[in-house]
Student: 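Pasting a structure below so you can have a look.
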Amino acid sequence: MIMERKRMDCPALPPGWKKEEVIRKSGLSAGKSDVYYYSPKGKKFRSKPQLSRYLGNTVDLACFDFRTGKMMPSKLQKNKQRLRNENFSLSKGKPDLNTALPIRQTASIFKQPVTKVVNHPSNKVKTDLQRATEQPRQLFWEKRLEGLRSSDITQEVLRTMELPRGLQSVGPDTTDETLLSAIASALHMSSAPITGQTSTAAEKNPAIWLNTSQPLCKAFIVTDEDIREQEEKVHQARKSLEEALMADGLARAAELTRDAGSEGKASA
């Protein structure tokens, strides 16, 4: 069989990589071509999976077109759209959990089946509608924020807030800093009222009876006195901010006046 070989550089791959296109000149497959790639050391690759396994994480081949040797972002978008359509079609159906074969996504270009082991296939799984719609939450995840300190532009650690005496933490080895992080996260992530752990069972065994939608503290009540104290703190903070802005404005005006005077003397 007569074949024509064309070897050229491949800019989409690291320096030294070559792309070879072999065009068949005779036979039933005349006119068709095969594409190969050669590493700087001369190793030959016949398919994109081989190339991906060899390069590993050094080059992202998700949108690499093996035939043209170019990066094609549009191809990646089509693959994402196809995966979304497949996931949507699977979500509409109800596959048999005992026979459905899971797929491990070992790379962005090909899939490999894995073994599924079912210990008790005769058991019937009772579905919990609430857990099916909600994402699982990790218990005591606020403790991961322990040890973090906020600082200003000069790297000086800022003074932490002081919590009211009525707030008491719930959970293993919780501190005031963990409790502050939990309350701040609950206020930021949820629009529901913050009441704390209303169940007394959470105090005995928080690992079982903890309400993950509430912060790590016992139930508390906000009194009118607490509200008035907070309003006074906000008023003082706004007053301090107003004074700081006025002082900054006066300083800028004085600086502009000095600059204008300096320029006038220089021109004279």
Side-chain angles (χ1 to χ4, degrees), residues 77 80-81 83-85 87-88 90-92 105 125-252:
Q77 295 295 333
K80 290 183 177 179
Q81 184 65 31
L83 291 175
R84 283 196 294 266
N85 295 335
N87 294 334
F88 178 74
L90 289 176
S91 63
K92 293 196 303 183
Q105 190 73 18
V125 179
K126 296 182 180 180
T127 58
D128 189 347
L129 296 179
Q130 183 178 0
R131 293 191 176 184
T133 56
E134 295 182 357
Q135 292 292 334
R137 300 181 183 181
Q138 184 181 17
L139 293 179
F140 314 120
W141 68 270
E142 294 88 350
K143 292 179 66 62
R144 292 181 295 175
L145 303 176
E146 289 185 351
L148 299 180
R149 298 291 186 274
S150 57
S151 58
D152 57 12
I153 193 173
T154 61
Q155 301 298 323
E156 183 178 356
V157 178
L158 300 178
R159 183 174 60 89
T160 58
M161 295 178 58
E162 294 181 1
L163 296 175
R165 298 179 180 178
L167 290 178
Q168 298 181 3
S169 60
V170 173
D173 299 329
T174 53
T175 61
D176 290 343
E177 296 177 355
T178 305
L179 178 57
L180 178 59
S181 301
I183 295 176
S185 301
L187 291 172
H188 177 71
M189 300 174 60
S190 176
S191 59
I194 304 301
T195 58
Q197 302 295 325
T198 56
S199 175
T200 56
E203 301 177 13
K204 299 179 181 179
N205 195 340
I208 298 177
W209 305 109
L210 191 71
N211 183 4
T212 56
S213 62
Q214 292 293 328
L216 303 176
C217 63
K218 299 179 182 180
F220 59 91
I221 299 176
V222 179
T223 62
D224 294 339
E225 184 180 356
D226 294 334
I227 296 176
R228 284 193 296 270
E229 291 180 358
Q230 186 63 27
E231 289 177 347
E232 181 63 24
K233 291 180 180 179
V234 173
H235 177 72
Q236 293 295 335
R238 288 179 177 175
K239 186 177 180 180
S240 300
L241 179 60
E242 182 181 0
E243 294 175 354
L245 291 175
M246 290 181 62
D248 182 70
L250 294 174
R252 289 178 180 272

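Every value quoted in this text rests on a predicted model; they were computed, and no experiment measured them.
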Student: How many angstroms lie between atom CD of E231 and atom CG of D224, to the nearest 0.5 angstrom?
Tutor: 9.5 Å

Student: So, do W209 and T200 sit near enough that their side-chain heavy atoms are less than 4.5 Å apart?
Tutor: no

Student: About how many Å separate CD of E229 and NZ of K233, when rounded to the nearest 0.5 Å?
Tutor: 6.5 Å

Student: Under a 3.5 Å threshold, yes or no: a donor from one side chain and an acceptor from the other, between T178 and S181?
Tutor: no

Student: Is the shortest heavy-atom distance from the side chain of N211 to the side chain of T198 under 4.5 Å?
Tutor: no

Student: Find the distance between CD (E232) and CD (Q230) and round it off to the nearest 0.5 Å.
Tutor: 10.5 Å

Student: Can you name the one residue among T174, T175, D176 that meets side-chain hydrogen bond (donor to acceptor under 3.5 Å, both in side chains) with S169?
Tutor: T174

Student: Has I221 got more than 12 heavy atoms of other residues, nucleotides or ligands less than 6.0 Å from its CD1?
Tutor: no

Student: Can you tell me how far OG of S240 sits from CD of E243, rounded to the nearest 0.5 angstrom?
Tutor: 6.0 Å

Student: Between D248 and R252, is the closest basic N to carboxylate O distance under 4.0 Å?
Tutor: yes

Student: Might you confirm whether atom CD of E242 has over 12 heavy atoms from other residues, nucleotides or ligands at distances under 6.0 Å?
Tutor: no

Student: Do E203 and Q197 touch side chain to side chain, with heavy atoms closer than 4.5 Å?
Tutor: no

Student: Taking all atoms of both residues into account, what is the closest heavy-atom pair of P215 and I194, and its distance?
Tutor: CG-CG2, 3.6 Å

Student: Quick check: do L210 and L216 have side-chain heavy atoms less than 4.5 Å from each other?
Tutor: yes

